[in-house]
Amino acid sequence: IAETTAWRPAAHFTARATWLNDPNGLVYHRGTYHLFFQNNPHGSSWGNISWGHATSTDLVNWTELPVAIPCTDEEMVFSGSAVVDHRNTAGFAADTETALVAVYTSATTAADGTGRQAQSLAYSVDDGATWSRYAGNPVLDIGSAEFRDPKVFWYGGDDGHWVMVVVEATEHRVVVYTSPDLKTWQRVSAFGPAHATGGVWECPDLFPLRVAGTQETRWVMIVSLNPGSFAGGSGTQYFVGDFDGVNFTPEHLTASDQLVDYDWLDYGRDYYAAVSFSDVPDGRRFMVGWASNWEYAGETPTSPWRSSMSLVREVDLVRSPDGRHRIRQRPVLPNDASRLDLPPGATAVASGGDSATDDGGAADDGGAAGVLVFSMRVDAGDSATFVLDGGADGEPADGEGLRITVDGNAGTISCDRTGAGDTGFHPAYASVDWAPLPPSDDDADVELRIVVDASVVEVYTGDGLVALTELVFPARPYRRLTRG
Ligand code: FRU
């Protein structure tokens, strides 16, 4: 398909020629960030699920490596995490070695068709280049078909312990297990159901996060939900609270049954299964999500690759005027991103977009127009619509584009992709998505940052307190922003 080349993003990771979904095993080790991912090494649709592997030193430029943990006749390798076993608690490392340990879900099907999901280990003693399955797998099996996506971290100092958060998906429950050695696990507590429960709970995470401008930290529980998210289909909610090594206690739960009253990491259609990197120095926290939605992920019109990750986002907490803590997200952008400020009433057009004209050539030429970052503001209380499209300077709009509207009266921001290029590949795709504008102290302007990278658009407002991620499949790469 000719368009596929122009739709391949530059800074959002895609597999070269295959399917991907969730990010897995995010870990920093010896100067390198490892991104594993749910991958079908043999095709462009979900299946043969294995852990693909990519690495980066800057969180923007990724190199795809051979599949790290392939599926076997016995098991598919579902989502999970990876840690550096600094204390060699599992005993996988010889004297001078350090083991990376992946904790994943073994998804198996018995002869009678019943499914089973249990937690297993694989390890690498060559800095992630090659992986071996632990002979004692699985290490945690409760006889369930809906028990998956372990996220593991070390809690405490030398006398600390491993903690695993893992979901009982259909129970809407995150279960906490602890272990001294990654091999034996004890159930110690559970969290949920809470807030959105209109679908299965998947891909949990739990980590401490700094409150900006203070010496304080809070713990954040991440829970992905499919379907039943705010924007429809799959999405990611979070809870802020405390964790004592055993119990997670949220500091704010509402009895409301309105999805808008819960905390969402992203209000767009395309941000799922987001989890954070382990072992990043200096207490920094980076997250990545899968930039798609289970409602139509299998039908998006790219080939042979299908789906990308979000940008990597650095997160922290902000204490809002209402006293609650909310996650702030700032994307890690490539140094060569084109940055364009949009003055009131004006148009900004990125130059150099001609290279984006697709020639139907090699599918791995690195993407369309590069990454564009548009910044603009809307006066407090005002309303404004911005149209992102593929037009050249001075050319009239042809009606195709993504429409982004700030509604000062309603206090909302919305993204309308019903007229954004190819919308016909799945009936659930075309949508108008919205978010409440974040609470602010005074009559502050609404600042917007729109990151455009071929088929992925990420909209940030309130300095990253609200994010919307949307896939688009334009006829011509989007590189012009016009105030409507
Ligand atoms: C989330 C998910 C996980 C599972 C994986 C399978 O998107 O459903 O719960 O481990 O994908 O690919």
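Just so it is clear, the values below take in all heavy atoms, side chains as well, and ignore hydrogens, waters and symmetry mates. When a ligand or atom number is given, it counts from 1 through the structure's own listing order.
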Checklist entry - Is there a side-chain contact between L468 and V466, using heavy atoms and a 4.5 Å cut-off? => result yes
Next on the checklist: Please compare D22, N226, V167 and report which has the shortest non-hydrogen distance to atom 11 (O) of ligand 1.
Outcome noted: D22
Next on the checklist: Within this structure, what is the CZ-CZ distance for the pair R116 and F147, rounded to the nearest 0.5 Å?
Outcome noted: 11.0 Å
Item to check | Close-contact set for ligand 1 against S79 heavy atoms, below 4.0 Å | outcome: 5 (C), 10 (O)
Next on the checklist: Could you tell me, atom by atom, which parts of ligand 1 come under 4.0 Å of a heavy atom of Q38?
Outcome noted: 5 (C), 6 (C), 12 (O)
Checklist entry - Any N or O of W294 that comes nearer than 3.5 Å to an N or O of ligand 1? => result yes
Checklist outcome for this item: A student checking ligand 1 against Y272 at a 4.0 Å heavy-atom cut-off should list atoms 1 (C), 7 (O)
Next on the checklist: So Y272 and E202, do their side chains get closer than 4.5 Å, heavy atoms only?
Outcome noted: yes
Checklist entry - With a cut-off of under 6.0 Å to the ring centre and 45° to the axis, is K183 in cation-pi contact with F92? => result yes
Item to check | Protein residue, atom and distance nearest to atom 8 (O) of ligand 1, heavy-atom basis | outcome: E202 OE2, 2.9 Å
Checklist entry - Distance only, no hydrogens: is a donor on one side chain within 3.5 Å (strictly under) of an acceptor on the other, for N48 and H42? => result no
Checklist entry - Numbering the atoms of ligand 1 from 1, which are under 4.0 Å from a heavy atom of D149? => result 3 (C), 4 (C), 9 (O), 10 (O)
Checklist entry - Any chance the side chains of D22 and S79 put a donor and an acceptor closer than 3.5 Å? => result yes
Checklist entry - Does even one non-hydrogen atom of N21 get within less than 4.0 Å of ligand 1? => result yes
